[in-house]
Structures are given as structure tokens and as C-alpha cells.
Amino acid sequence: MKKGVEYTGSVVGFSFPNKGKVDCGEDGMATVKGTLPGQKVKFVVSKKRSGTPIGRLKEIVEKSEIEDVEPACPHFEFCGGCSYQTLSYVNQLNLKKGMVKDILDNAIVGDYQFEGILGSPVQWGYRNKMEFSFGDEVKDGPLALGMHKRNSFHDIVTVNQCQIVDEDYRKVLDCVLAYCKEKELPFYKKLKHEGYLRHMLVRRTTVTKQMLVAVVTTSDKEWETKAQWEELSERLQQLDLEAKLCGVLHIINDGLADVVQSDESRVLFGEEYIYEELLGLRFKISVFSFFQTNSLGAEVLYSKAREYIGDTKDMTVFDLYSGTGTIAQIIAPVARKVVGVEIVEEAVDAAKKNAELNGLHNCKFIAGDVLKVIDEIEDKPDMIILDPPRDGIHPKALQKIIDFGVDRIVYISCKPTSLARDLELLQAQGYQVEKGCAVDMFPGTVHVETVILLSRKAPDDVV
């Protein structure tokens with residue numbers, strides 16, 4: 001296969017998260033992202049990796065037999081967010097379950113119990129946080145506010161009918177976009193590093209029904225006026241929302257990277273935080289707090305994790321990569337002590353405040369890199385919970401975790417391929433997988449969570 005040449009083939013294999021193995025007959029095989037098993041597709045070879053041609057999808061010539069529904073979202077064709085909307089939810093779950101099981105089966109030594117997949121309690125309107133970008137859909141086109149166009153770094157699709165959020169999000173998006181158009185505010189151009197409007201963050205809790213809105217801009221003085229943002233705040237407050245609007249913020253970000261961060265935060269109205277409830281606990285959430293984006297799905301995930309964790313009476317539990325301490329606080333009432341470690345300081349501050357909010361006094365949260373911090377902790381764990389970022393655990397940190405020699409480890413993963421890599425070292429160092437389960441937190445998308453229970457082999461069983 002030659003770079004830049006278009007080919008047509010059938011998707012005969014599939015790997016996580018959505019990479020199809022495309023058979024083009026005499027022309028050979030290629031890997032094409034954004035495909036589904038059974039599709040016939042056209043693609044252009046963009047590069048080669050380890051000798052395998054990598055294709056950029058051009059057209060779906062024939063649908064797969066598992067594509068059995070029409071997409072519910074009018075933005076599906078253009079938005080890069082939800083790839084599985086042409087599958088019924090049953091087929092989505094079966095696809096994700098099959099991918100996770102294949103990955104685990106290839107990674108796990110010996111027998112283990114695979115418990116299938118647990119679905120999200122709600123398929124639509126489930127997200128409690130969204131980050132929207134300002135831009136244009138075509139070069140020099142009208143201002144847009146939404147998500148990146150499929151396979152595009154620059155183009156933005158206004159997603160004011162997005163279906164994985166509820167109506168409140170859509171009303172806020174329309175309000176902010178209309179206001180910024182009215183004031184003729186320019187968006188920030190990433191390559192030129194000039195402009196004003198960058199992002200909008202919206203958080204809306206599911207159980208407590210509270211909402212927080214933050215608009216992110218540069219500090220460009222040409223466009224900066226306090227009065228205009230106070231006017232936008234007033235318009236947002238006048239919206240007919242189901243949730244209570246608890247705060248409106250203006251965030252300044254002059255960083256060059258295309259990420260949402262704050263150099264300065266200004267509260268235009270209300271507070272800079274909201275509260276959510278999860279499994280009987282209450283959590284304080286700011287704009288940048290890490291919190292699972294599907295509240296009802298998180299209850300399913302953490303209930304399964306709690307089941308795997310089992311009896312922790314009189315135990316000291318380490319919750320490594322603890323985020324805002326959600327799992328630690330779920331375990332704390334039935335443990336002697338829980339120690340959480342998290343590298344993001346704001347998340348640790350939030351964890352401490354949330355533990356105090358929930359009257360939990362046996363939780364200790366430490367800010368720092370797990371690789372460095374665990375050497376300094378005086379407590380010794382009786383069991384360990386791992387919930388690392390998508391890339392998994394640094395090998396040196398994982399070895400230190402293994403050296404504690406606890407009888408049980410529960411590993412929660414948002415990327416099963418990273419989990420599979422870490423399982424190789426865990427098993428080589430004397431742990432065996434007892435059981436595992438997939439949990440769908442993100443209906444319509446390619447993402448899936450996995451929970452694994454490992455136990456330490458008796459010395460005579462270690463090879």
C-alpha cells in the first residue's frame with residue numbers, strides 16, 4: 001500500500017478503542033480508526049507504523065450488521081464525540097464487553113472469572129461536565145461553540161442539540177454563543193496565538209441539580225470589559241433552567257497549549273463550586289475538580305469496586321491515584337484508615353474538604369507523585385486500590401506497590417490496554433487475577449471502564 005492512495009476494504013478485525021483491521025484483498029491489510037466490525041470502508045493511507053499501513057477514513061461504503069439504529073444526535077455525522085450512536089445500546093455493550101474480554105484473556109495467566117459488562121443507568125443526558133471550544137466550522141466562517149469536528153484539529157461544530165447532555169446545557173450554549181456573536185468577540189486562533197474566546201465549561205449535577213458555568217478567554221485588553229461579562233451573567237441567570245444556577249465565572253487563560261486551565265478566575269455571580277451526592281456521600285465540586293462525568297454510572301462503578309474490595313474492617317487501605325477521594329470516602333466508614341495519594345494538589349484539597357463535609361476523620365490525603373510519595377508514608381497498607389490515569393502506572397511505581405505485599409489489590413482502569421500492560425508485571429511478581437468486570441460509563445462513545453480483583457499467590461504457587 002502507498003501513502004496518499006485511496007483503498008477500499010472490509011473490516012475483519014477490531015481492537016480497542018475503535019481501530020478496524022481492514023482487508024483490501026490483494027492490496028493487503030491496513031488499520032483504520034473510526035470503523036466498526038463488518039463495515040466496508042474507503043480510506044487513504046496516511047502513514048505506516050511498524051510496517052502496517054495506517055488509513056484515514058474517507059467513507060463508509062456499507063454499514064455493519066451491528067449498526068441497527070439511526071443516530072439520535074443531529075451532529076453525529078460531523079462531531080467527533082460519539083462514535084457508537086448507530087448501535088443500539090445492547091450492541092454497544094456487547095461490543096465493549098467483547099473488546100475488554102479479548103484484552104483480558106490475552107493478558108491474564110490462568111483462569112479468572114469475567115463478569116461481563118454493567119451498563120449505565122441512563123444512555124442519554126448523562127454527562128455532568130462538558131468542555132466546549134470556541135472557533136469556526138469552516139475557515140473565516142461564523143463563530144461556533146461546541147466540539148471538534150471529526151478528524152479535525154481546528155474546525156468546531158456547534159453542538160446545541162447534543163444528546164449526551166440535558167436541555168440545560170443546550171440553553172446555556174445557545175445563550176453564550178448568541179451573546180458573543182452579538183458583541184462580535186473573536187475566538188482564539190491556536191496557531192497565531194491571538195484572539196479572545198477560548199472555551200466554555202459547564203458542570204451540572206445529576207442528583208442535586210446544581211449548575212456552574214465558566215467562560216474562558218485570554219487577557220486581551222482590546223476585548224476585555226468587566227461590564228460585558230456581568231451582562232452575560234445576567235442573561236444566564238434569566239434562563240429557564242431545571243437546575244439551579246449556582247455560579248458564573250470568567251476564567252483567564254493565556255497559556256499556549258490548547259487545554260483548559262486558569263491563570264485567574266473571577267466570580268461574576270454566586271459561588272465557584274457546586275455539590276453532588278454519590279452513594280450517600282456529598283461532594284464539593286469546583287470547575288476544575290476531577291469527578292466522574294456520569295454520576296449515576298459512577299455509582300455502578302464504585303459499587304462494583306466496593307464489592308471487589310470486600311471486608312476492610314480494622315484494615316489500612318491505600319487509595320492510590322485518589323483524585324478527589326471518592327473511593328477513599330466510600331471505603332472509610334468500614335476501614336480503620338484510608339490513605340489517598342494524588343498528584344493534583346487541587347484534587348487533594350477537595351478530597352480533604354469533602355471528607356470533612358462527610359464527617360470522615362480516618363482519611364488522610366497526600367499531594368504528590370505516587371512514585372515518590374509511597375516511600376515517605378509511615379503507614380503500611382493491608383490492601384491497595386489503584387485508579388490511575390489513562391496511561392496506567394509507571395513501572396517503578398508499580399514495583400513499589402507490589403513490594404508492599406498486600407493480599408488484595410483492586411485495579412480500576414479507564415483504558416484496558418494500559419491495564420493489560422500493568423497486569424504483566426503484577427502477575428510476574430506473584431499476583432493472580434480472580435475476577436474482572438467492564439462498566440460502561442460513557443454510552444455512545446468508545447470508552448469503557450474495567451475493574452479487576454487481584455490476590456497474592458501463596459509462595460509455593462509463584463513461578
Establish, from distance only, whether the side-chain atoms of Asn160 and Tyr169 form a donor-acceptor pair under 3.5 Å.
no
Kindly determine whether Gln85 and Cys73 satisfy side chain to side chain contact (heavy atoms under 4.5 Å, CB included), including the steps that lead there.
CA-CA 8 Å; Gln85 281 199 33; Cys73 180; 3.4 Å; yes
So ring-ring contact (aromatic ring centres under 6.0 Å, His included) across residues 75-100, not counting sequence neighbours, yields none
Please list all pairs meeting salt bridge (Lys or Arg N to Asp or Glu O under 4.0 Å) that have one or both residues in residues 259-287, counting only residues at least two apart or in different chains.
Glu224-Arg266, Glu264-Arg266, Glu277-Arg282
Can you name the one residue among Lys435, Glu115, Arg408 that meets side-chain hydrogen bond (donor to acceptor under 3.5 Å, both in side chains) with Tyr308?
Glu115
In short, ring-ring contact (aromatic ring centres under 6.0 Å, His included) pairs touching residues 244-296 with sequence neighbours left out are Trp229-His250, Tyr273-Tyr275, Phe283-Phe291
Partners meeting ring-ring contact (aromatic ring centres under 6.0 Å, His included) with Phe114 (sequence neighbours left out)
none
Parallel, tilted or perpendicular: ring planes of Tyr188 versus His193, cut at 30 and 60 degrees
tilted
Does the distance from a Lys or Arg side-chain N to an Asp or Glu carboxylate O, for Asp314 and Arg336, drop under 4.0 Å?
no
For the pair Asp440 and Lys96, find out whether any cationic side-chain nitrogen is under 4.0 Å from an anionic carboxylate oxygen.
yes
Only pairs at least two apart or in different chains count here, so list each ring-ring contact (aromatic ring centres under 6.0 Å, His included) that has a residue in residues 351-380.
none
Just by modelled atom types, is the Leu423 backbone N or O under 3.5 Å from a matching donor or acceptor in the Gln427 side chain?
yes
Under 3.5 Å, which donor-acceptor pairs do the side chains of residues 373-380 form with other protein atoms, sequence neighbours left out?
{"unit_1": "Asp375", "atom_1": "OD2", "unit_2": "Lys400", "atom_2": "NZ", "d": "2.5"}
{"unit_1": "Asp379", "atom_1": "OD1", "unit_2": "Lys337", "atom_2": "NZ", "d": "3.3"}
{"unit_1": "Asp379", "atom_1": "OD2", "unit_2": "Lys337", "atom_2": "NZ", "d": "3.0"}

Heavy-atom closest contact (Arg203 atom, Ser289 atom, distance)
NH1-O, 2.7 Å
Electrostatic pair Glu167-Arg170, nearest N-O below 4.0 angstrom
yes
Crowded around Glu434 CD? As in, over 12 foreign heavy atoms under 6.0 Å?
yes
